[in-house]
Amino acid sequence: MSTSLPAADVLPDLEAEEVEAFLRAHPHFLAERPDIYRVLVPPRRLHGERLADHMAAMLEAERARARAMEAEMRAAVEAGRAGAGLTVRIRLAVLALMRAPDVMEAVTQEIPALLGVETCTLAAEPAPRAIPALPPGVRPLPAGAVTRLIGRGRDAVVRAQPSETTLLHAEAAPLVTRDALARVPLVDGPPMLIAVGARESAALPARQSVAVLAFLGRAVAAALSR
C-alpha cells in the first residue's frame with residue numbers, strides 16, 4: 001500500500017509558495033490585470049492600507065463589470081424597441097401597397113414617409129427571357145447584383161456602411177448613411193430588390209429587422225404581380 005500523499009495534499013503549499021514568489025517579484029501584476037480581482041476573495045480590512053487597496057480594487061473591478069452589463073442590457077432593450085418600431089412601420093407600408101393603384105408611386109412616395117427614411121427604390125437585373133414589362137422607374141442592375149448585394153441564401157440585409165449607393169439610391173445617394181436591401185421574389189420576372197435608404201441609423205436598426213424587411217420585399221412582389 002503506497003504511503004505517498006495525494007497530490008491535493010502536497011501541491012497547495014508548493015503552489016502557494018510559487019504564486020507568492022511570483023507576485024513578490026512582479027508587484028504590479030495584479031494592478032495591470034484588474035479582471036483577476038473578480039475571481040479573488042476580498043481580504044479582510046485588518047492589516048493596513050495595502051490590503052484595503054486590494055479590497056477596493058476588487059470591488060471596483062466588480063462595479064466595472066456590473067456597469068458594462070447594465071450598458072449592454074440597455075443597448076439590447078433599445079435595439080428591441082427600435083426593431084419593434086420598424087415592424088409597425090413596415091406593416092403600415094404593406095397596407096399602403098395593398099390599396100395602392102400604382103405600386104411604383106407607393107414605393108417611391110408613400111413608403112419612405114411611412115418608414116421615416118429618405119428613399120425607397122426598386123431595382124432589377126436584366127430579364128433572362130421575355131417577360132411582362134416592369135413598371136417604369138425600376139432601376140437597372142447588372143446580372144448577379146441582387147445576390148452579390150444581399151448575400152447568397154439571404155432575403156434581406158441592413159448595411160451600416162452602404163456601397164454602390166448611386167446605383168441603388170440615385171440622386172438621394174449623398175443623403176444615405178445606412179440602407180436596407182430586400183429581395184422582391186417575382187414569380188415570373190428577373191431578380192429584383194427593394195432598396196431603403198436612411199439618413200439616420202435609428203430608422204433602420206440592425207437587430208430584429210431582417211425578417212420584417214424580407215416580408216416587405218414579398219409584399220412588393222405580390223403587389224407587382226396583381
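The figures that follow rest on heavy atoms only: side chains count, while hydrogens, waters and symmetry mates do not.
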Query raised in the report: When rounded to the nearest 0.5 angstrom, what is the spacing between CG in L149 and OG in S163?
Result: 6.0 Å
Report task. Would you name the heavy atoms of P142 and E125 that are closest together and state the gap between them? Result -> O-CG, 3.4 Å
Query raised in the report: Under a 4.5 Å side-chain heavy-atom rule over Ile, Leu, Val, Met, Phe, Trp and Tyr, are V157 and F215 clustered together?
Result: no
Query - R91, CZ: over 12 other non-hydrogen atoms inside 6.0 angstrom - result: no
Requested in this report: Check whether any side-chain heavy atom of L122 lies under 4.5 Å from a side-chain heavy atom of M104, and answer yes or no.
Outcome: yes
**Report entry** Cluster check V220, L115: I/L/V/M/F/W/Y, side chain < 4.5 angstrom
**Finding:** yes
Query raised in the report: Are any side-chain N or O atoms of H169 and backbone N or O atoms of T165, one a donor and one an acceptor, separated by less than 3.5 Å?
Result: no
Query raised in the report: Any side-chain heavy atom of P112 within less than 4.5 Å of one from E118?
Result: no
Requested in this report: Mind running side-chain contact (heavy atoms from CB on, under 4.5 Å) on V158 and L181 for me, showing each step along the way?
Outcome: CA-CA 7 Å; V158 176; L181 311 178; over 6 Å; no
Query - Smallest separation among heavy atoms of T177 and P162, with atom names - result: O-CD, 3.4 Å
**Report entry** Qualifying salt bridge (charged side-chain N to carboxylate O under 4.0 Å, His left out) pairs with a residue from residues 95-115, counting only residues at least two apart or across chains
**Finding:** R99-E110
Query raised in the report: Considering all heavy atoms of both residues, which atom of A203 and which atom of V117 are nearest to each other, and what is their separation?
Result: CB-CG1, 4.1 Å
Report task. Would you sort out whether L92 and I111 count as a side-chain contact (heavy atoms from CB on, under 4.5 Å), showing the intermediate values? Result -> CA-CA 8 Å; L92 294 174; I111 289 181; over 6 Å; no
Report task. Answer whether the closest heavy-atom distance between the side chains of L216 and V212 falls below 4.5 Å. Result -> no
Query raised in the report: Going only through I, L, V, M, F, W and Y residues with side-chain contacts under 4.5 Å, is there a path from V88 to V210?
Result: no
Query raised in the report: Quick one: do L175 and L114 end up in the same hydrophobic cluster if we chain Ile, Leu, Val, Met, Phe, Trp and Tyr together by side-chain heavy atoms under 4.5 Å apart?
Result: no
**Report entry** Test log, rule side-chain contact (heavy atoms from CB on, under 4.5 Å), inputs L193 and R183
**Finding:** CA-CA 4 Å; L193 60 77; R183 293 180 188 272; 5.7 Å; no
Query raised in the report: From L213 CG over to D155 CG, what is the distance, rounded to the nearest 0.5 angstrom?
Result: 11.0 Å
Query raised in the report: To the nearest 0.5 Å, how far apart are CG in D188 and CG in L224?
Result: 12.5 Å
Query raised in the report: Is a side-chain donor or acceptor of R139 paired with a backbone partner of L167 at a separation under 3.5 angstrom?
Result: yes
Report task. Flag the pair L141 / V146 as yes when at least one side-chain heavy-atom distance between them is below 4.5 Å, and no otherwise. Result -> yes
Report task. Indicate if L168 and V138 have the same hydrophobic cluster label, given that clusters are the connected sets of ILVMFWY residues with side-chain heavy-atom separations under 4.5 angstrom. Result -> no
Requested in this report: List the atom of G217, the atom of I194, and the distance in Å for their closest heavy-atom pair.
Outcome: CA-CG2, 4.3 Å
Report task. Determine, stepwise, if the pair S209 / L204 fulfils side-chain contact (heavy atoms from CB on, under 4.5 Å). Result -> CA-CA 8 Å; S209 300; L204 294 172; over 6 Å; no
Report task. Return the minimal non-hydrogen interatomic distance between A124 and M192, and the atom names on each side. Result -> CB-CE, 3.9 Å
Query raised in the report: What salt bridge (charged side-chain N to carboxylate O under 4.0 Å, His left out) pairs are there with at least one residue in residues 157-178, not counting sequence neighbours?
Result: R148-E164, R159-D179
Query raised in the report: Of the non-hydrogen atoms in V107 and C120, which two are nearest, and what is the gap between them?
Result: O-CB, 3.2 Å
